[in-house]
Amino acid sequence: MQLDLENLPSDTALLHRLVRDIASVIAHRNSEIQRLQAIIKQLQRAQFGRRSERLDADRLALGLEDLDIDLATVEADQGLAATSAPCLDTQPKRKSLPEHLPREEVVLSVDRDLCACCGGALHAIGESVSEMLDWVPAQLRIVRITRPKYACRTCNKVVQATAPERPIAGGLATPALLAQVLVSKYCDHTPLCRQSQVFARHGVDLPRSTLAGWVGGACWWFEALHDRLCKNVFESDHLFADDTPIPVLDPGRGRTKTGRLWVYARDQRSWAGPEPPAAVYVFAPDRKAERPTAHLTHFKGVLHVDGYAGFERLTGAGTITLAACWAHTRRKFYEVAQAEDTPIAHEALRRIASLYAVEAQVRGQSPAHRLATRRALAKPIIDNLRLWLEVQLPQLPGRGNLAEAIRYALSRWDGLTRFLHDGRIELDTNPVERAIRPVALGRKNHLFAGSDGGGERWAILCSLIETCKLNDVEPYAYLRDVLQRLVDGHPVNRLDELLPWNWSSAGSANA
């Protein structure tokens, strides 16, 4: 709005209207400036700030006075920072060294049999024993396979033992070496180019292209096992779903394109469910809504999801129920609190923290116990929170970040309150968020997949390795043993025996 200050109107009513218009324009611009400043602070925090989303314990304590909840329990659940200085006298006890490690005995005895003082004979009265942890460096070796030939002088027939099957036709790598390459890349996030340098230090020339061929050859054996793992997970009735981007090399355009890893996790430990934890990854070249629809064709049950609109299509047949994520809802208010430091955002965080405090009391309990406790303690918090959000929304600028955070919560209220009707439902999608972290580390280290096939191999290995970790199975021992069994002709109709939770009891001793 431009005004000619030299020719202002003399009509009082017109001047009043101009002042109101100017005030409206100023208010709109101030609101826009605040919104843009909040976006800038959010981007700065994403690039330079800490990743944790902690709530000040003092703010949380204000909302817990009328609840019979221990604040220390809440802090442990939410990862809240301790307010007191650390005590130097309470050092954690060192854990004993594992019993399964081999021991090398070193005996340090005195160099005489007679006492140095009086010359009397020395006799043993006991001993002092201490242990130190040692490291034996990795070692490459060559397995030489000799197959003697035998001939019959009568019929001139030659007899020789059959050559053993190799994981890769004509390849040099044993299952143990292939497992080491796979675990180094997909578990320890060491790119193949760095692994090539490690082998070079041992005097063995293994180019990155050779290692890439080994990864592809090894994954060929694991494809059927990955399919069986996916089938087992999708037969469950409670899953967590999310996706994450991975760069994929696009040679025709001279740059990378964005593929997706769709992640589906099963974790029933919080309510003592019968099925073992697992995580499966499925590669797709895009984020279209038909991807999860195709993956979950036969799934029936509750799916814990974030705010991605494509998941809404899954509810059309009536066999899938969506449970929304309180962690994503909380993050919206946390970002506003960090950028704008508004009391309303902090109050929302406090109320959500009190909700998690109730959840800390029922973790690991039976679904019936969890449901009863939630209805007694969490439902009043939920009801008051909704009323409070509905009162605050009309008083806020419509385009502000705080209003968007409130609308985000209210528009998903049915999904956010689903846990009040089923004790098996969780408040958030943290199990699948944890399953995504290794992919993010891999992205940071080996940067991109070489092709769509590389993305599929990424999905196969992540599925097996992360499921191993969830079931306390050592990934290297598992991959080495399972690959050897597959090469030796393990029956396809007995693949269930090789799933990590089954292998842990039967195969770990042999490995």
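Counting begins at 1 with the first residue of the sequence. The structure presented is a predicted model; accordingly, all values stated were derived computationally and were not measured.
- Arg494 contributes atom CZ, which lies 12.0 Å from atom CG of Asn502 (distance to the nearest 0.5 angstrom).
- Thr190 and Gln195 get closest at one heavy-atom pair: O-NE2, 3.1 Å.
- Between Arg437 and Leu441 there is no side-chain heavy-atom pair separated by less than 4.5 Å.
- The two residues Tyr308 and Ala289 make their nearest non-hydrogen contact at OH-N, 3.5 Å.
- Leu303 has its side chain within reach of Leu322: a pair of non-hydrogen atoms, C-beta onward, lies under 4.5 Å apart.
- For the residue pair Val473 and Pro500, the shortest heavy atom distance occurs at CG2-O, 3.7 Å.
- A donor-acceptor pair is defined here as one N or O able to donate and one able to accept, closer than 3.5 Å; such a pair exists between the side chain of Arg166 and the backbone of Gly171.
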Evaluate the salt bridge (charged side-chain N to carboxylate O under 4.0 Å, His left out) criterion for residues Arg194 and Asp188: first the C-alpha distance (whole Å), next the side-chain angles of each, then the deciding distance (0.1 Å), finally the verdict. CA-CA 12 Å; Arg194 295 183 198 166; Asp188 300 328; over 6 Å; no

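- Note that Arg330 lies outside the cation-pi zone of Tyr356, set by a 6.0 Å cut-off to the ring centre and a 45° limit from the axis.
- Pro277 is listed as a side-chain neighbour of Asn471, based on a closest heavy-atom distance under 4.5 Å.
- Here the side chains of Asp452 and Lys257 are in contact, with some heavy-atom distance below 4.5 Å.
- Looking only at distances, no side-chain donor or acceptor of Arg112 sits under 3.5 Å from a matching main-chain atom of Leu122.
- Glu426 and Ser270 are linked by a side-chain donor-acceptor pair at a separation below 3.5 angstrom, with hydrogens and angles left out of the test.
- Under the salt bridge (Lys or Arg N to Asp or Glu O under 4.0 Å) test applied with Asp243, the options Arg260, Lys288, Arg291 reduce to a single match, Arg260.
- Other residues, nucleotides and ligands contribute only 12 or fewer heavy atoms inside 6.0 Å of the NZ atom of Lys300.
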Could you walk me through whether Leu479 and Leu461 satisfy the side-chain contact (heavy atoms from CB on, under 4.5 Å) test, starting with their C-alpha distance in whole Å, then the side-chain angles of each, then the deciding distance to 0.1 Å, before giving a yes or no? CA-CA 9 Å; Leu479 292 180; Leu461 269 304; 4.2 Å; yes

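- Distance NE2/His238 to CD1/Ile425: 5.0 Å, rounded to 0.5 Å.
- With hydrogens and angles ignored, the 3.5 Å screen pairs no side-chain donor or acceptor of His369 with any backbone N or O of Thr373.
- A cation-pi arrangement, defined by a distance under 6.0 Å to the six-membered ring centre and an angle within 45 degrees of its axis, is absent between Arg374 and Trp271.
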Dump the intermediate steps for side-chain contact (heavy atoms from CB on, under 4.5 Å) on Thr258 and Arg287, then the final yes or no. CA-CA 9 Å; Thr258 301; Arg287 203 193 187 198; over 6 Å; no

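- Between Leu483 and Leu182, every side-chain heavy-atom pair lies at or beyond the 4.5 Å cut-off.
- Checking side-chain atoms of Asp422 against main-chain N and O of Arg424 turns up a donor-acceptor pair under 3.5 Å.
- Salt bridge absent: Asp227 and Lys231 never bring a charged side-chain N and a carboxylate O closer than 4.0 Å.
- Checking side-chain atoms of Asp267 against main-chain N and O of Arg269 turns up a donor-acceptor pair under 3.5 Å.
- Remark: the backbone N or O of Pro292 is not paired with any side-chain donor or acceptor of Trp262 at under 3.5 angstrom.
- Remark: side-chain polar atoms of Arg443 are not paired, donor with acceptor, to backbone N or O of Ile246 under 3.5 angstrom.
- For the atom pair NE2 (His446) and CZ (Phe448), the distance works out to 11.0 Å, reported to the nearest 0.5 Å.
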Go through Leu486 and Phe222 one step at a time and tell me if the side-chain contact (heavy atoms from CB on, under 4.5 Å) criterion holds. CA-CA 8 Å; Leu486 294 173; Phe222 291 124; 4.1 Å; yes

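- Ring orientation note: the planes of His295 and Tyr264 are nearly perpendicular, at an angle over 60° on the 30°/60° scale.
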Show your working on side-chain contact (heavy atoms from CB on, under 4.5 Å) between Arg370 and Glu359 and close with a plain yes or no. CA-CA 8 Å; Arg370 285 157 60 93; Glu359 196 65 16; 3.7 Å; yes

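- At least one donor-acceptor pair under 3.5 Å links the side chain of Gln268 to the backbone N or O of Glu275.
- Using a 30° and 60° split on the angle between ring planes, Tyr478 and Trp503 fall in the perpendicular class, above 60°.
- The side-chain heavy atoms of Val159 and Cys152, taken from C-beta on, include no pair separated by under 4.5 Å.
- Rounding to the nearest 0.5 Å places CZ of Arg434 at 9.5 Å from OG1 of Thr429.
- Shortest non-hydrogen contact noted between Val181 and Leu192 is CG1-CD2, 3.9 Å.
- Smallest separation of non-hydrogen atoms from Arg208 and Cys193: CG-N, 3.9 Å.
- The neighbour count for Asp488 CG, taken as heavy atoms of other residues, nucleotides or ligands under 6.0 Å away, is above 12.
- By the 4.5 Å heavy-atom criterion applied to side chains, Glu433 and Asp242 are counted as neighbours.
- Closest approach of His189 and Pro191 over heavy atoms only: O-CD, 3.5 Å.
- A distance-only check finds a donor-acceptor pair linking the side chain of His304 to the backbone of Leu239 [under 3.5 Å].
- In terms of modelled atom types and a separation under 3.5 Å, the side chain of Thr256 and the main chain of Val248 share no donor-acceptor contact.
- For CZ of Arg103, the number of neighbouring non-hydrogen atoms (other residues, nucleotides, ligands) closer than 6.0 Å is greater than 12.
- In this structure, Val280 and Phe234 have side chains that are in contact, with non-hydrogen atoms separated by less than 4.5 Å.
- Taking SG of Cys325 as the start and CG of Asn430 as the end, the distance is 6.0 Å to the nearest 0.5 Å.
- For Leu114, the CG atom is densely surrounded, since the number of other residues' heavy atoms within 6.0 Å is greater than 12.
- In this structure, Tyr186 and Trp458 have tilted ring planes: the angle between them lies in the 30° to 60° band.
- Note that NE2 of His226 is 13.0 Å distant from CG of Leu495, once rounded to the nearest 0.5 Å.
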